[in-house]
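Have a look at the structure below, then the notes.
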Amino acid sequence: MIERSFVMIKPDGVRRGLTGECIRRFEQRGLKVVELKMLTAGRALAENHYGVHRGKPFFESVVDFISSGPVVAMVIEGESAIAAIRQIVGATRPLEAAPGSIRGDFALEVGENIVHASDGVETATQEIALWFGQG
Ligand code: IDP
Ligand code: MG
């Protein structure tokens, strides 16, 4: 099934110059970047994006962090794109992420794990609408 996922290079990834490396890995797998923009998220957008985590102890820190500097927001399309991208990105906690995954190769801390990727078809639809509008 051809799917679309919302993928974002977080402020740490942009600051460390890892945007190209991440996109290269997605493209190398056969996925296609169909939308892309750089922006700094305001607080409302950041809170909405992480709304599912509201009330958790790390909510404030992830919202602060994701709005702390420019991010690169993308829509990436391809066969089973959502699962394929989560595999390329690796586990949430970098110490649990496989070597060869982005987080396993470039991150150590859960709070600065370089990239966001949608975790399901429904979240992908919501996140694409939130960051790129309905069109
Ligand atoms: P995901 O990014 O792999 O989908 P989620 O569980 O959706 O992981 O969490 C969203 C983001 O919140 C993570 O990428 C990570 O940066 C941050 N986060 C998750 N759990 C913790 C935690 O226990 N402490 C601090 N930050 C966390
Ligand atoms: Mg998530």
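Predicted model, so just to flag it, every value in this text is computed and none were measured. Whatever order the structure lists ligands and atoms in, that order sets their numbers, starting from 1.
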Margin query: Using 0.5 Å steps for rounding, measure from the NE2 atom of His49 to the CH2 atom of Trp131.
Written below: 6.0 Å
Item checked: Which atom of Arg4 lies closest to which atom of Ala124, heavy atoms considered -> O-CB, 3.3 Å
Item checked: Shortest protein contact, atom 4 (O) of ligand 1 (heavy atom only) -> Arg86 NH1, 2.9 Å
Could you list the donor-acceptor pairs under 3.5 angstrom formed by side chains in residues 106-115, with sequence neighbours left out?
{"unit_1": "Asn113", "atom_1": "OD1", "unit_2": "Lys10", "atom_2": "NZ", "d": "2.7"}
{"unit_1": "Asn113", "atom_1": "ND2", "unit_2": "Thr92", "atom_2": "O", "d": "3.1"}
{"unit_1": "Asn113", "atom_1": "ND2", "unit_2": "Val110", "atom_2": "O", "d": "3.3"}

Notebook entry, point to check: By ring-ring contact (aromatic ring centres under 6.0 Å, His included), which residues pair with Phe26, not counting sequence neighbours?
Noted result: none
Checklist line | Distance-minimising heavy-atom pair for Leu45 and Leu39 | finding: CD2-CD1, 4.1 Å
Item checked: Which residue and heavy atom of the protein sit nearest atom 1 (P) of ligand 1, plus the separation -> Thr92 OG1, 3.5 Å
Note to self: Within the 4.5 Å heavy-atom criterion, are Met38 and Ile9 side-chain neighbours or not?
What the structure shows: no
Note to self: At under 4.0 Å between heavy atoms, is it the side chain or the backbone of Glu112 that contacts ligand 1, or both, or neither?
What the structure shows: neither
Next item on the list: Report the part of Lys56 (side chain from C-beta onward, or backbone N, CA, C, O) that has a heavy atom under 4.0 Å from ligand 1; answer both or neither where that applies.
Entry: neither
Next item on the list: May I ask you to identify, for Asn113, whether its side chain, its backbone, both or neither come under 4.0 Å of ligand 1 on a heavy-atom basis?
Entry: side chain
Check: What is the nearest protein non-hydrogen atom to atom 2 (O) of ligand 1, stated with its residue, atom name and distance?
Finding: Arg103 NH2, 3.1 Å
Notebook entry, point to check: Would a 4.5 Å heavy-atom cut-off, applied to side chains only, mark Val71 and Pro11 as touching?
Noted result: yes
Check: Tell me: protein heavy atom nearest atom 23 (O) of ligand 1, and distance?
Finding: Arg93 NH2, 3.1 Å
Check: Purely on distance, is any nitrogen or oxygen of Lys10 under 3.5 Å from one on ligand 1?
Finding: yes
Item checked: Any side-chain heavy-atom pair of Gln87 and Arg29 under 4.5 Å -> yes
Next item on the list: Measure the acute angle between the ring planes of His116 and Phe6, then classify it against the limits of 30° and 60° as parallel, tilted or perpendicular.
Entry: tilted
Item checked: Top protein contact for atom 5 (P) of ligand 1, by heavy-atom distance -> His53 NE2, 3.5 Å
Notebook entry, point to check: Counting both backbone and side chain atoms, is some N or O of Tyr50 under 3.5 Å from an N or O of ligand 1?
Noted result: no
Next item on the list: If you have a sec, work out which protein heavy atom is nearest atom 12 (O) of ligand 1 and how many Å separate them, to one decimal?
Entry: Val62 CG1, 3.2 Å
Margin query: Return the closest protein heavy atom for atom 22 (C) of ligand 1 as residue, atom name and distance.
Written below: Phe58 CD2, 3.5 Å
Next item on the list: Give the residue and atom name of whichever protein heavy atom lies nearest to atom 15 (C) of ligand 1, and the separation in Å to one decimal.
Entry: Val110 O, 3.1 Å
